[in-house]
Amino acid sequence: MATAGATAASSRFDYADALSKSILFFEGQRSGRLPPSQRMTWRKSSALRDGFDVHRDLVGGYYDAGDNVKFNFPMAFTTTMLSWSVIEFGQLMGPELQHALEAIRWGTDYLLKATRVPDSVVGAVGDPNADHGCWQRPEDMDTPRTSYVVNKQKPGSEVSAEIAAALAASSMVFRHSDRAYAAVLLRRAMQVFEFADKYRGSYNDSIAAGVCPFYCDFNGYMDELIWGASWLYKATKAPNYWNYVKNNINYLESNNIVVRNVNGNPVPSSQGGSISEFGWDAKHAGINILVSQWVMKDPYNSNPFIPKADQFICSILPESPAPKSVSYSRGGLLFKPGGSNLQHATSISFLLLVYGRYMKLANKVVDCGNNVHVTPARLVSFTRGQVDYILGSNPLGMSYMVGFGQKFPQNVHHRGSVLPSVAKHPQHIDCHVGYSYFNGHDPNQNVLTGAIVGGPAEDDTFKDSRFDAPQSEPTTYINAPFVGVLAFFKALHH
C-alpha cells in the first residue's frame with residue numbers, strides 16, 4: 001500500500017485550487033442559455049428548444065459526461081451530492097461557496113422544470129443513440145431532442161425518488177440565502193416523492209429507449225425511495241419519513257442485490273453488492289451513513305444502520321480483516337468492477353469523511369475485528385491517500401483532474417472539449433465531420449478545467465486516449481462528491 005507515502009507528499013497539493021477547479025467544471029457541462037457570469041467561456045448556449053416536443057420548457061440542466069444528453073437520474077444524484085457537500089463542508093469553502101451554490105441551482109432550476117407537471121417526471125432529454133452516433137458540439141446539435149417522461153401509467157420510481165432527494169437536500173442548502181426558493185424546493189420534493197412511492201415501477205421498463213443501456217437501473221428502485229425519504233426526514237424532521245425509512249430498510253437488505261459491471265454482466269462481490277454500494281445507481285452505503293448522523297447515540301434506532309455503516313467502513317480499509325468490497329492498485333487507488341472507476345474513489349472518500357465527522361461527535365470508533373479499531377483520524381488519513389492519488393501522487397505523477405498540476409489528461413473524451421469552440425470556428429460542424437477531430441492526434445482544443453476523468457487502469461497505467469472512454473471521460477457524478485472532500489482538505493491546511 002502506498003497510502004503512507006502519498007500522505008507524506010500531500011503538502012505539495014493546493015487543495016484550494018483543486019476545489020475551485022472541481023466546481024468550475026460544472027460550467028463546462030451546462031446545457032441551456034448561459035449567463036453573463038459564465039467563466040468557462042469557450043462554452044456557449046445550447047439546446048434552447050429542449051422540451052418543445054412535449055410542450056414544456058426543459059431548457060437548462062447538465063450534460064452528464066462527454067455527450068450531449070441530459071440523463072436526469074445521474075443529474076439528480078449529482079445535485080444531491082453537491083448539496084450534501086455544501087451541507088457538510090460548505091462553511092469550509094470560503095469564496096468558492098457561492099460558486100457551489102450556483103452549480104447546485106443550475107441543477108435544481110432544471111429539476112423543478114422536469115417535475116412541474118403533477119404526477120409526471122421527465123427522465124431524460126435527447127435521443128441517446130442518435131447522440132452517441134454523432135461527434136458534435138452541444139452548440140451545434142441537430143440530433144433529436146426527444147423528451148422521455150414517466151407518469152402514473154409508465155412509472156419511474158428511481159429517477160423520481162432521486163430527484164426528490166436532490167430537491168430535499170438542496171432545500172437545506174438554500175435555507176439561509178433564499179428562503180422562498182428553499183420552500184419551493186422542499187414542497188416539490190415532497191410531491192415528487194409521493195408520486196415515486198405511489199406509482200411504483202422502474203424507468204427501465206417505461207422509458208428504456210431514453211436511458212438504457214447508458215443509465216439502466218441495475219438494482220431496483222427501493223434504495224432510491226429510502227434515500228429520498230431519508231433526505232426528506234433530514235430536511236423536515238417529519239416522523240412519517242423516518243417511519244418510512246425504518247419500515248423499508250430491512251426489505252432493501254433482504255433483496256440479494258446482483259452487482260453488475262459496466263456491460264451489465266454480473267460480477268462476484270464478497271458483500272452481495274448491497275451495503276458497500278454507493279453511486280448514481282445504488283444508494284445503500286449512502287443511506288446508512290446519512291441516517292447514522294441521527295441514530296449514532298440512539299440504541300433503539302441504530303440497528304441496522306450503524307452496524308451496516310461500520311461493516312461498510314471495514315469492507316474498505318486495507319488493514320481490516322473483514323471481506324473487502326474494493327481492491328487496490330499497487331499505487332494505492334481503490335477499485336470496484338466496471339468502468340469510470342474514479343466515481344467510486346470520490347464517492348467512497350466522501351462517505352468516509354462524513355462518517356468520520358459523525359463518529360467524532362459521538363466519540364465512536366469502529367471495531368473491524370482482530371484488534372483493528374478505526375478512528376475518525378484514520379478515515380481522514382485513508383481518504384487523503386485517495387485524494388492525493390487523484391491529484392498526482394501516483395506512479396505516473398499525473399493529475400487526473402484536467403487543468404490541475406503540471407501533467408494532466410490532454411485527450412479527454414468530451415465533445416465540446418475536443419472540437420474547436422464556436423468563437424474559433426463559428427460555422428456549424430456536422431454530425432460526422434466532428435469525428436475527424438475525435439480521430440486526430442492533437443490534444444483537445446478547449447481545456448475542460450476541473451474535470452476528473454474515469455481514471456487509470458488497475459495496474460496504475462493510463463492511456464490518455466479519447467478512444468478509451470472508461471478512462472478518459474469525465475462525469476458530473478465523479479466531481480460532485482469530490483467538491484466536499486476537497487473543501488475538507490483545503491480547511492485542514494489553513
Side-chain angles (χ1 to χ4, degrees), residues 1-4 6-7 9-10 13 15 18-19 21-23 25 77-78 80-89 92-93 100 276-280 282-286 288-290 292 309 312-320 324-329 331-336 340-360 366 374-394 399-401 404 450 452-456 474-493:
M1 283 301 301
T3 29
T7 306
S10 66
F13 294 118
Y15 297 116
L19 171 66
K21 286 173 172 161
S22 71
I23 298 171
F25 159 70
F77 176 69
T78 294
T80 307
M81 293 310 294
L82 277 173
S83 299
W84 199 2
S85 287
V86 168
I87 289 166
E88 295 291 343
F89 304 112
L92 309 177
M93 290 181 183
S276 57
E277 296 302 312
F278 186 61
W280 62 263
K283 306 304 172 326
H284 305 70
N288 292 322
I289 301 285
L290 178 64
S292 74
F312 166 66
I313 300 298
C314 297
S315 82
I316 303 291
L317 294 178
E319 70 269 24
S320 161
K324 295 293 178 287
S325 62
V326 295
S327 55
Y328 290 91
S329 72
L333 182 66
L334 68 80
F335 275 80
K336 279 172 114 42
S340 194
N341 180 65
L342 287 184
Q343 67 179 306
H344 305 303
T346 61
S347 58
I348 288 172
S349 292
F350 180 87
L351 292 185
L352 296 188
L353 281 186
V354 170
Y355 200 54
R357 291 192 77 189
Y358 301 164
M359 285 167 61
K360 204 169 176 180
V366 175
V374 180
T375 60
R378 172 63 185 128
L379 294 180
V380 171
S381 72
F382 171 84
T383 303
R384 175 180 273 154
Q386 298 301 304
V387 171
D388 288 352
Y389 184 107
I390 292 170
L391 295 181
S393 186
N394 55 56
S399 158
Y400 290 104
M401 178 187 283
F404 182 84
I452 303 169
V453 296
T475 73
T476 55
Y477 47 87
I478 297 178
N479 270 62
F482 212 51
V483 168
V485 171
L486 289 168
F488 175 86
F489 285 109
K490 170 184 101 78
L492 207 59
H493 280 265

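On a predicted model such as this, the values are computed, not experimentally measured, just so you know.
Summarising the geometry, atom CD belonging to E88 is positioned 12.0 Å from atom OG belonging to S83; distances are rounded to the nearest 0.5 Å. With values rounded to the nearest 0.5 angstrom, L82 atom CG is found 11.0 Å from I87 atom CD1. To the nearest 0.5 Å, atom OH of residue Y15 and atom CG of residue L492 are 8.5 Å apart. In this structure, S276 OG and L351 CG are separated by 11.0 Å, a value rounded to the nearest 0.5 Å. W84 contributes atom CH2, which lies 10.5 Å from atom OG of S347 (distance to the nearest 0.5 angstrom).
For the pair V374/S320, no side-chain contact is recorded, criterion being any heavy-atom separation below 4.5 Å from C-beta on. A heavy-atom distance below 4.5 Å is found between the side chains of K283 and F77. Considering only heavy atoms from C-beta on, F312 comes within 4.5 Å of L352 through its side chain. Side-chain contact between W280 and M81: absent, with no pair of heavy atoms (C-beta onward) separated by less than 4.5 Å. The shortest side-chain heavy-atom distance between K336 and Q343 does not fall under the 4.5 Å cut-off. Within the 4.5 Å cutoff, no side-chain heavy atoms of F404 are placed close to those of S22. The shortest side-chain heavy-atom distance between T383 and F350 does not fall under the 4.5 Å cut-off. Residues Y355 and V366 are in side-chain contact: their nearest non-hydrogen atoms beyond the backbone lie under 4.5 Å apart.
Although no hydrogens or angles enter the test, the distance criterion places no donor-acceptor pair under 3.5 Å between the side chain of N479 and the main chain of I23. Remark: side-chain polar atoms of S393 are not paired, donor with acceptor, to backbone N or O of D388 under 3.5 angstrom. No donor-acceptor pair closer than 3.5 Å links the side chain of S329 to the backbone N or O of F335. No donor-acceptor distance shorter than 3.5 angstrom exists from the side chain of N394 to the backbone of G331, with no hydrogens or angles considered.
For L353 against F89, the heavy-atom pair with the smallest separation is CB-CZ, 4.1 Å. Nearest heavy atoms, L333 versus A345: CD1-CB, 4.0 Å. Scanning both residues, I316 and K324, for their nearest heavy atoms gives O-CD, 4.3 Å. Here the closest non-hydrogen pair linking Y328 and G332 is CD2-O, 3.6 Å. Nearest heavy-atom pair, Q386 versus L334, reported as atom, atom and distance to 0.1 Å: OE1-N, 3.1 Å. Shortest non-hydrogen contact noted between A480 and T78 is CB-O, 3.5 Å.
When each of T346, V387, I390 is paired with V485, the side-chain contact (heavy atoms from CB on, under 4.5 Å) condition holds for V387 and for no other.
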- Message: If you apply the rule side chain to side chain contact (heavy atoms under 4.5 Å, CB included), what do you find for M401 with L486, and how did you get there?
- Response: CA-CA 12 Å; M401 178 187 283; L486 289 168; 4.0 Å; yes
- Item | Trace of the side chain to side chain contact (heavy atoms under 4.5 Å, CB included) decision for F25 with I452 | CA-CA 9 Å; F25 159 70; I452 303 169; over 6 Å; no
- Check step by step if side chain to side chain contact (heavy atoms under 4.5 Å, CB included) holds for L317 and L379. CA-CA 9 Å; L317 294 178; L379 294 180; 4.2 Å; yes
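Aromatic pair F489/F482: centroids not less than 6.0 angstrom apart.
No hydrogens or angles considered: a donor-acceptor pair under 3.5 Å links the side chains of R378 and S381.
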